[in-house]
2 protein chains.
Amino acid sequence: MKRAKQKIFQDYIARQGLKSTRQRDIILDAFLSSDRHLSIEELYLKLRAKHPNIGYATVYRTLKLFAESGIAREIHFGDGQTRYEHVSEGEHHDHLVCTGCGTIIEFENESIEKLQDEVAVAHGFLIKHHKLELYGLCAKCRP
Amino acid sequence: MKRAKQKIFQDYIARQGLKSTRQRDIILDAFLSSDRHLSIEELYLKLRAKHPNIGYATVYRTLKLFAESGIAREIHFGDGQTRYEHVSEGEHHDHLVCTGCGTIIEFENESIEKLQDEVAVAHGFLIKHHKLELYGLCAKCRP
DNA sequence: TTGTTATTGATATTCACTTTCATCACAGCC
DNA sequence: GGCTGTGATGAAAGTGAATATCAATAACAA
Ligand SMILES: [Mn+2]
Ligand SMILES: [Mn+2]
Ligand SMILES: [Zn+2]
Ligand SMILES: [Zn+2]
């Protein structure tokens, strides 16, 4: 899992004529062993504990690279911060977001995906990606 | 339609002990006779043609009021700008967004809504609202 | 008309990125 | 190993949309 993603990223780096650096290794390791929905700030702060000399801009740029290489995806939950989540080859999921405690639950629903495709076809659309987020209170937070 | 929303907004204003002002009337009129998915900036520029002395902050604050009163809804399509769309009593829809030309198509799909509810129930969630956006190329933009 | 309170609009500030640029560090080639 | 040419880094400055500030102004009830 982790190894596979490291490999994907290294390959991407090589293919693009980019360089392998100490910082990128550190950030990749921290990202892969972190929560699945991390903001840039959160990852930056987490890193700073062990590596106080890594810059915010580097974290920001490296997360973008992760997304380009296919091991991460940018997500926006409307709280004003960009988050990055792990992406596994051929896997897709959507989100339940608790507005009480911030918990995020991932789910997959093939029937919904199929219906989305039908909607797209009916309107002549060629879908590239989509976003489905259900906001509310989780089991712990509901009254 | 337009009258109904004006009424809703005036009632809201009264109920909250707020004041009816020239600017709010002008902005409401411009909003109700505008595109259905307008950014603050777009509405501000549209207004400035006839009312060069209306400030950006007033447009921004008034759109928030529209949302609070229930006649508008804030939407985010990931382009970094907040948009506001018209909301009709008891109506709900989701969006197809063309990444080529920016066209936005609204759609309703009861089956998807039902499946979303089932997902929520399965996870013990109490859904407050949701977001479903399908991004891709519209019939005109697809290759 | 007057007094009170909300509103306005110019401006300043905030926030989350995003860019800049001088310095640094990979990595291929002697 | 030492050179050398790029790409990478990080401190700091810049950006753009949103939000807050505040003195002047406009509603509106008495
Ligand atoms: Mn829906
Ligand atoms: Mn809409
Ligand atoms: Zn919760
Ligand atoms: Zn299009």
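Quick note on labels: first sequence line is chain A, next is B, and so on, each numbered from 1.
- Here ring pair (Phe, Tyr, Trp, His ring centres under 6.0 Å) pairs that include residues 18-39 of chain A, with residues two or more places apart or in two chains, are A:Phe31-A:Phe66, A:Phe31-A:His86, A:His37-A:His95.
- For the pair B:Lys64 NZ and C:dT7 P, the interatomic distance rounds to 15 Å; values are reported in whole Å.
- With A:Arg24 contributing its side chain and A:Gln10 its backbone, the two residues share no donor-acceptor pair below 3.5 Å.
- When the shell of 6.0 Å around CZ of A:Arg48 is examined, it contains 12 or fewer heavy atoms from other residues, nucleotides or ligands.
- For C:dA16, the OP1/OP2 oxygens have no side-chain nitrogen or oxygen of A:Tyr60 closer than 4.0 Å.
- Both A:Val59 and A:Gly17 lie close to DNA chain D; mapped to their nearest nucleotides by heavy-atom distance, the more 5′-ward contact belongs to A:Gly17.
- When rounded to the nearest whole Å, the span between CD of B:Gln81 and C1' of C:dA16 equals 16 Å.
- When the shell of 6.0 Å around NZ of B:Lys2 is examined, it contains more than 12 heavy atoms from other residues, nucleotides or ligands.
- Under the rule for a ring-ring contact (aromatic ring centres under 6.0 Å, His included), the partners of B:His92 that lie at least two apart in sequence or sit in another chain are B:His130.
- Remark: the backbone N or O of B:Thr82 is not paired with any side-chain donor or acceptor of B:Ser39 at under 3.5 angstrom.
- Residue pairs meeting the salt bridge (charged side-chain N to carboxylate O under 4.0 Å, His left out) criterion with at least one member in residues 89-108 of chain A, sequence neighbours excluded, are A:Arg36-A:Glu106.
- Listed by residue number, there are no residues of residues 69-77 of chain A with a heavy-atom contact under 4.0 Å to DNA chain D.
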Check: protein-nucleotides 28-30 of chain D nitrogen or oxygen pairs below 3.5 Å:
from, atom 1, to, atom 2, distance (Å)
D:dC28, OP1, B:Ser20, N, 3.3

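- Judged as a salt bridge (Lys or Arg N to Asp or Glu O under 4.0 Å), and not counting sequence neighbours, the contacts of B:Glu42 are B:Arg83.
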Residue pair B:Leu96, B:Thr103: steps toward the side-chain contact (heavy atoms from CB on, under 4.5 Å) verdict: CA-CA 8 Å; B:Leu96 284 154; B:Thr103 293; over 6 Å; no
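- Residues from residues 38-58 of chain B that place a heavy atom under 4.0 Å from any atom of DNA chain D, listed by number: B:Ile40, B:Tyr56, B:Ala57.
- A:Phe107 is linked by a ring-ring contact (aromatic ring centres under 6.0 Å, His included) to nothing, counting only residues two or more places apart in sequence or in another chain.
- The CG-C1' distance, from B:Leu65 to C:dT7, rounds to 11 Å in whole Å.
- Residues from residues 22-31 of chain A lying near DNA chain D, meaning a heavy-atom separation below 4.0 Å, are A:Gln23, A:Arg24 in numerical order.
- B:Tyr135 is linked by a ring-ring contact (aromatic ring centres under 6.0 Å, His included) to A:His129, counting only residues two or more places apart in sequence or in another chain.
- With sequence neighbours left out, B:Tyr60 forms a ring-ring contact (aromatic ring centres under 6.0 Å, His included) with no residue at all.
- Contacts of A:Glu68 classified as side-chain hydrogen bond (donor to acceptor under 3.5 Å, both in side chains), with partners at least two apart in sequence or in another chain: A:Tyr12.
- When rounded to the nearest whole Å, the span between CD1 of B:Ile13 and P of C:dA6 equals 13 Å.
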